[in-house]
Amino acid sequence: MIELRDVSFAYPETDALRRIDLRIEEGDSVAIIGPNGSGKSTLLRLICGLATSVSGSYRFDGEAMTAARLSDPRFAKAFHRRVGFLFQDSDAQLFCGSVYDEIAFGPRQMGLCEADFDGRVADLVGLFGLRAVESRVPYHLSGGEKRKVALASVLALNPEVLCLDEPMGGLDPRTKSSLRALIATLNAAGKTIICATHDFEYVEGLFRRAVALSREGRLVRDGPYDEIMGDRDFLEAMNII
Amino acid sequence: MERVPAWLAARESYEPRPDRGRHLEKSLLALLHVLAALREAPGAGKDGARLNPALKLVSTFLVILLVSLSRGGLFLEAAAAFELGWLCLLRGETIARVLRRVLAAGLFALAILLPAYALGRGANLPFVCGKVLLALLAAAIFSSATGWPSMAAAFSTLRVPDVFVMTLDMTVKYISLLGALLLDMLCALKLRSVGRDERKMSSLAGLAGTLFLKSKDAAWAQYQAMECRCFDGRYAVSRRAGLGWRDAAFVAADLAIVAFFVAAGWGR
């Protein structure tokens, strides 16, 4: 489904990713781990088409994801519908006047009929337990509620791939547990989960696979999550724990 | 946790509805340029001669003032020589950027003055354009060769009121921070704009509203953090650079240009 070959990416000041080879199949659940500044968020941004690599190739469902391809609005919109992205800072993701409007933003654009549209929003409000805050301004919600609204607004588009950038960051233990259960449910329902995380305590058993990035932005290990997380020497040497 | 609804577990076939307007792409691109320019500024103080920022500020004002007062081409030539000499102290890519910016502004000035030429009053056209170009060049060299922290230090050295320096410093810092947030918000909006947005203005108003709330919160948090660290209204800028031989040479060049201005009959 997702195939990166020899992909590199650089910001004006620094190289973020160097020669990444990565293949992710449909329905997979992958944790991207690494120290701060290792390029985890950049990798997610590349996967969801917010950035394009300076070298190498990225294919999504066999289709080359080049800057030229992504500048075609029709193609880009169809692609963005399929690959959802949860930002690290939920404030950056919420811009509507109410929780209802926030979740309805995507389906409204998709041109769904009124019944489908309302049904989608109601389902997500119920799934995330947001009924009590449905008419409130998202900006004034608690951190956990904001994260849930942000995820619900992404899920309203029914993406096949979910890129989650530090989804547990800044949440209290109960919210982390409920978010963990939700991510597991979504993966069980067939969604491909790609998640950059530091919060290992609350994601245990959630991922089948881990991809470790070094401080220099190189992919240094790719394998079963439990196996990599069990190698304490490696994790300590890479400054991951 | 509840089971996910059936539609969320099903694979969906979707063809985006066409939408007119590329306001998101244009806004993203424009914002990226502004942020890149702001991020460039702190490192931009690396002009070859590493001159004292306060001295650069005074020189810039002086050159702009003299160029504005001058009434003859000879002084403008001398000022151009001075500015080109200063420009040569910068790095290659900075020189290219400064010249691009100045020439674009110069062409704009020329375009505005062309009707006067067409009406037979264009005798002063090269002179006025030259003045505009030189004034812009001086300002562009200063801004390209001086990072924001150095500018704050320069204002502080020149005894500009602390509140002004602080406001400038914070504004620049927050433009950059809030700009980065706005960039993320525009990206989020773009990612979720998967069809026809019937409420474009409403979406953009939402971004502006969130940005305003965020900036208000950030300003309040910053004020409280400063109070916790005993802020008493005085804003100390720690970097007050001393004067070296390069600065002495620069002062000599400044004095020479002033002397030339006087010797040329007050800029005639």
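Protein chains get the first letters and strands the later ones, always in sequence-line order, with residue 1 at the start of each. Predicted, not measured: the structure shown is a model, and the values here were computed from it.
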Approximate separation, where rounding is to 0.5 Å, of A/Gln109 CD and A/Phe117 CZ =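 So the gap between those two atoms works out to 10.5 Å.
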Is it the backbone or the side chain of [X] that comes under 4.5 Å from a heavy atom of chain B, or both, or neither?
| X | answer |
| --- | --- |
| A/Glu26 | side chain |
| A/Leu50 | side chain |
| A/Asp116 | neither |
| A/Ala150 | neither |

If you count heavy-atom pairs under 4.5 Å between each of A/Gly106, A/Gly111, A/Ala188 and chain B, which one has the most?
->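 Answer, by heavy-atom pair count under 4.5 Å with chain B: A/Gly111.
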Can you tell which of A/Arg74, A/Gln93, A/Lys191 has the highest number of heavy-atom pairs within less than 4.5 Å of chain B?
->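 That would be A/Arg74.
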Does a salt bridge link A/Arg120 with B/Glu12, judged by any charged N lying under 4.0 Å from a carboxylate O?
->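 Yes, charged N to carboxylate O under 4.0 Å.
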Lys/Arg N to Asp/Glu carboxylate O, A/Asp101 vs A/Arg108, below 4.0 Å |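 A/Arg108 and A/Asp101: salt-bridged.
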In terms of heavy-atom contacts, does [atom1] of [X] have more than 12 from other residues, nucleotides or ligands at under 6.0 Å?
| X | atom1 | value |
| --- | --- | --- |
| A/Glu63 | CD | yes |
| A/Tyr11 | OH | yes |
| B/Arg229 | CZ | no |

Toward chain A, the part of B/Ala10 with a non-hydrogen atom under 4.5 Å =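 B/Ala10 touches chain A through backbone heavy atoms alone.
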Tell me, out of B/Asp217, B/Leu191, B/Thr210, who's got the most heavy-atom pairs with chain A below 4.5 Å.
->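 If we count pairs closer than 4.5 Å to chain A, B/Leu191 comes out on top.
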